[in-house]
Amino acid sequence: MRLSEMFGKTQREIPSEADTPSHQLLLRAGMIMQVAAGVYSYMPLGWRVLKKIENIIREEMDSAGGQELTMPVLQPVELWQQTGRDKSFGKGLFTLLDRRERTLVLGPTHEEVLTQMVSHHVQSYRDLPKLLYQIQTKFRDEPRPRGGLIRVREFIMKDLYSFDVDEAGLDVSYQKMVQAYKNIYARCALPALFVEADSGAIGGKDSHEFMLIADNGEDGVVCCEGCHYAANAEKAVSKKRKIGPEKPLPPEEVATPGMKTIEDVSSFLKVPKDHTLKAVFYVADGQVVFAMIRGDLDVNEVKLQRLLKCTDLHIATEDEVKAAGIAAGYASPMGLKNIKIVADDSMAEGINFVAGGNKPDVHIKNVNYPRDFKADIVADIAQVRDGDGCPRCDGTLKLMQGIEMGHVFKLGTFLSNALGAFFIDEKGNSQPIIMGCYGIGLGRLLAAVVEHYHDEKGIIWPLSVAPYQVYLCPLYREGSHVADVAEKLYEEMQSAGLEVLFDDREESPGVKFNDADLLGIPLRVTVSPRTLEKDSVEVKWRAEKQATLVPVAGVASRVKELIQSKK
RNA sequence: CGGGGUGUGGCGCAGUCCGGUUUAGCGCGCAUGGUUUGGGACCAUGAGGUCGGUGGUUCAAAUCCACUCACCCCGACCA
């Protein structure tokens, strides 16, 4: 490709709407362009990268036994009502009316359509297992698109669904996919951390995510420094610091005027935070729930939601708290009626806690469980903190940020039951097909590569996904034969099967080098009067500082060797 | 949806507080001509803007008021 003819220009200045490195660089390099919030076009360079990623994924899916197919974006809402997932997706579902006023959804994923398809084409255990996948556009009306390509509302995703006769079969499919995913990240040169994850609204047994540790990640990742334990912060558990037990003292009211927060109470009464009880009110599917936890800890809402098995969970508003007859800031589990109490197991230790007095300006000292109050549920609902103890070994947990590059999970039979996807087993009995699903967002993966591979000058593409392999960079000067040599090299390298981006523009060296660095093409070949004096060209890896001279005569084959050696 | 912020040529910004010397500027980019060519060159000339939108206040609005839209960032969703 001649740069002079290519659609898309580089930009010198950082677009003001972008503040994640991948977003800034992809915009500046002219690889993507925003159309609306969370909606992007891919320009030729960006699209080439996306296709390379797509091919890597396709190859790995195929060699793991996957069969590719395609399904419609437009789906009848009735299909979603059958599984109830229209509700669990809620507002995230893009819907529209057709001319007959029928509601259609823009598919946010394709389990429903595919399960229905499978239910028509699988009758016997002999038809299983099957691994079916698609690479196509999905739509989700995200509450907040973010970070350029990292979180968008229209995105291309590879989704594979597995269909098995039993749990053992599902385990095999799952392992195949985990391995295929590891291969994919390895081929994209990305270090992927394999972590335990929350399986979300559908439930299911196991779930794992592949995380890229990155400052701009939107997920918390917990990882043990001593063993292999690693989990999404939503799911992670830890050994909580033991405080008690202490000898129980009799409860005692104390005046705490204006002291509403744990911080206030703790410093006012000169009691450490871990000797207080924090009360947090939630509304779970319309019902007020009282979550209680030791004052030094925070509630993990995902854990709470899973525990309550509710679809909607939010912090109660002041009005909702008031309506439930609770004194905000002074709430206590003691004497509360008709409100479900969920307590973190940290408060079950015998400690003389300070808790709210259930009336303004009063707290109660020496509150102990279960002597002074009861909880409907006692379980782990705490957020893991950096430095907590590992649940598996004696190590310490580290809390980091990560980008979710892929998610695999075991769905079980929820969907096959809802959509009637059954098979006849060896004994002639009808059984629901056991499912799993495995997704990778391609644009997100592309962004993850840039997040991981860039410097202050620009992108540094790994060879496997680079839009072009070679940046041919002639520095023209009147009276030299740089132009002729460059044209000849362009032909030769292309004939040798190399992907060459030829910067044939009449620009100054600075402009060319800076664009080469910004675009991140792995290998730069510079031809100039200076190199031609030595009958050579200069060859330099984008990722390295030094350049080497290569004789003009054998450039194409030498470059080819260099590229091969890096693969 | 709650909290914060921004909308001025393709991009980055100034001007807005305190309405009128502003025919709305600057830098980058773009066009034409010339001089340049190893890390974002220089000179000259030029094109390009209903100041996000609507309504209002006023003799007069980019500037004040009201409403509205879009986008970004922080929290509830997920590849």
Side-chain angles (χ1 to χ4, degrees), chain A residues 9-20 23 27-28 30 33-39 57 88-93 108-109 135 137-160 181 197-201 207 209-212 216 218-219 232 234 282-283 301-302 304-305 311-315 317-318 403-409 437-448 457-458 473-480 482 505-518 524 526-531 538 540 547:
Chain A
K9 278 200 175 123
T10 57
Q11 276 173 230
R12 208 173 289 210
E13 318 225 29
I14 301 167
S16 61
E17 78 259 31
D19 56 16
T20 346
H23 192 194
L27 285 171
R28 285 221 292 137
M33 183 163 177
Q34 187 177 71
V35 174
V39 180
I57 293 173
S88 45
F89 265 97
K91 288 190 174 162
L93 213 53
T109 178
I135 300 174
T137 301
K138 314 220 174 189
F139 296 84
R140 292 181 195 172
D141 198 357
E142 293 290 338
R144 185 154 86 85
R146 183 183 333 195
L149 255 30
I150 290 175
R151 180 173 216 80
V152 293
R153 297 191 297 166
E154 171 176 339
F155 56 102
I156 301 172
M157 179 173 158
K158 186 286 304 177
D159 227 357
L160 183 142
Y181 273 41
D198 182 63
S199 49
S207 177
E209 289 165 333
F210 293 85
M211 292 285 188
L212 177 71
N216 292 294
E218 18 169 31
D219 286 277
N232 189 307
E234 291 176 343
Y282 288 93
V283 175
E301 294 183 13
V302 176
L304 183 59
Q305 181 163 8
T311 51
D312 176 66
L313 182 77
H314 62 265
I315 295 247
T317 62
E318 263 181 52
I403 297 171
E404 183 189 347
M405 299 190 293
H407 195 164
V408 295
F409 54 105
C437 82
Y438 317 85
I440 295 186
L442 307 214
R444 181 123 113 199
L445 187 53
L446 186 156
K457 287 289 202 175
C473 186
L475 304 179
Y476 300 120
R477 184 185 292 162
E478 197 107 352
S480 79
V482 166
R505 300 171 303 169
E506 303 248 352
E507 288 287 352
S508 67
V511 170
K512 291 187 168 194
F513 289 150
N514 279 296
D515 277 346
D517 288 346
L518 175 59
R524 189 181 77 194
T526 308
V527 190
S528 73
R530 191 195 287 183
T531 66
E538 179 194 273
K540 178 186 167 296

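Atoms considered below: every heavy atom in the structure, side chains included; atoms not considered: hydrogens, waters and symmetry mates. Residue numbers begin at 1 in each chain, while the letters A, B, ... track the order of the sequences.
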(message) Checking A:Thr10 against A:Asp515: is there a side-chain donor and acceptor pair closer than 3.5 Å?
(response) yes
Result for 5'-nearest mapping on RNA chain B, choosing between A:Glu13 and A:Ala37, is A:Glu13
Taken to the nearest whole Å, CZ/A:Arg153 to C1'/B:A70 is 11 Å
Stems for RNA chain B (at least 3 consecutive Watson-Crick or G-U pairs, under 3.5 Å) come to B:1-7 with B:69-75, B:10-13 with B:25-28, B:30-35 with B:41-46, B:52-56 with B:64-68
Between A:Lys512 and A:Tyr476, the two heavy atoms sitting closest are NZ-CE1, 3.7 Å
From the list A:Arg146, A:Arg140, A:Glu404, side-chain contact (heavy atoms from CB on, under 4.5 Å) partner of A:Arg151 resolves to A:Arg146
Review point. Heavy atoms under 4.0 Å, any strand shown: does A:Glu154 hit a base, just sugar-phosphate, or nothing?
Key: nothing
Taken to the nearest whole Å, CD/A:Glu234 to C1'/B:C77 is 9 Å
Which part of the nucleic acid does A:Ile14 contact within heavy-atom distance under 4.0 Å: base, sugar-phosphate only, or nothing? sugar-phosphate
Worksheet entry | Under 4.0 angstrom between A:Ser16 side-chain N/O and B:U6 OP1 or OP2 | no
Q) For A:Gly147, which contact category applies under a 4.0 Å heavy-atom criterion: base, sugar-phosphate, or nothing? A) sugar-phosphate
Touch class at under 4.0 angstrom, heavy-atom based, for A:Glu17 against every strand present
sugar-phosphate
Heavy atoms only, 4.0 Å cut-off, all strands: where does A:Pro143 land among base, sugar-phosphate and nothing?
base
Taking for A:Asp219 and for A:His23 the nucleotide of RNA chain B with the nearest heavy atom, the one nearer the 5' end belongs to A:His23
- Task: Check whether the side chain of A:Asp19 and the base of B:C72 form a donor-acceptor pair under 3.5 Å.
- Result: no
*Contact class for A:Pro145 (heavy atom, under 4.0 Å): base, sugar-phosphate, or nothing?*
sugar-phosphate
Hey, does A:Gly406 reach any base, or is it just sugar-phosphate, or nothing, if we go heavy atoms under 4.0 Å?
-> sugar-phosphate
- Query: Can you tell me if the side-chain N/O atoms of A:Gln34 get under 4.0 Å from OP1 or OP2 in B:A70?
  - Reply: no
Per-nt protein contacts along nucleotides 32-48 of chain B (heavy atom under 4.0 Å; B base, S backbone sugar-phosphate only, - none) come out as -----BBBBS-------
- Donor-acceptor pair under 3.5 Å, A:Arg144 side chain vs B:C78 base: no
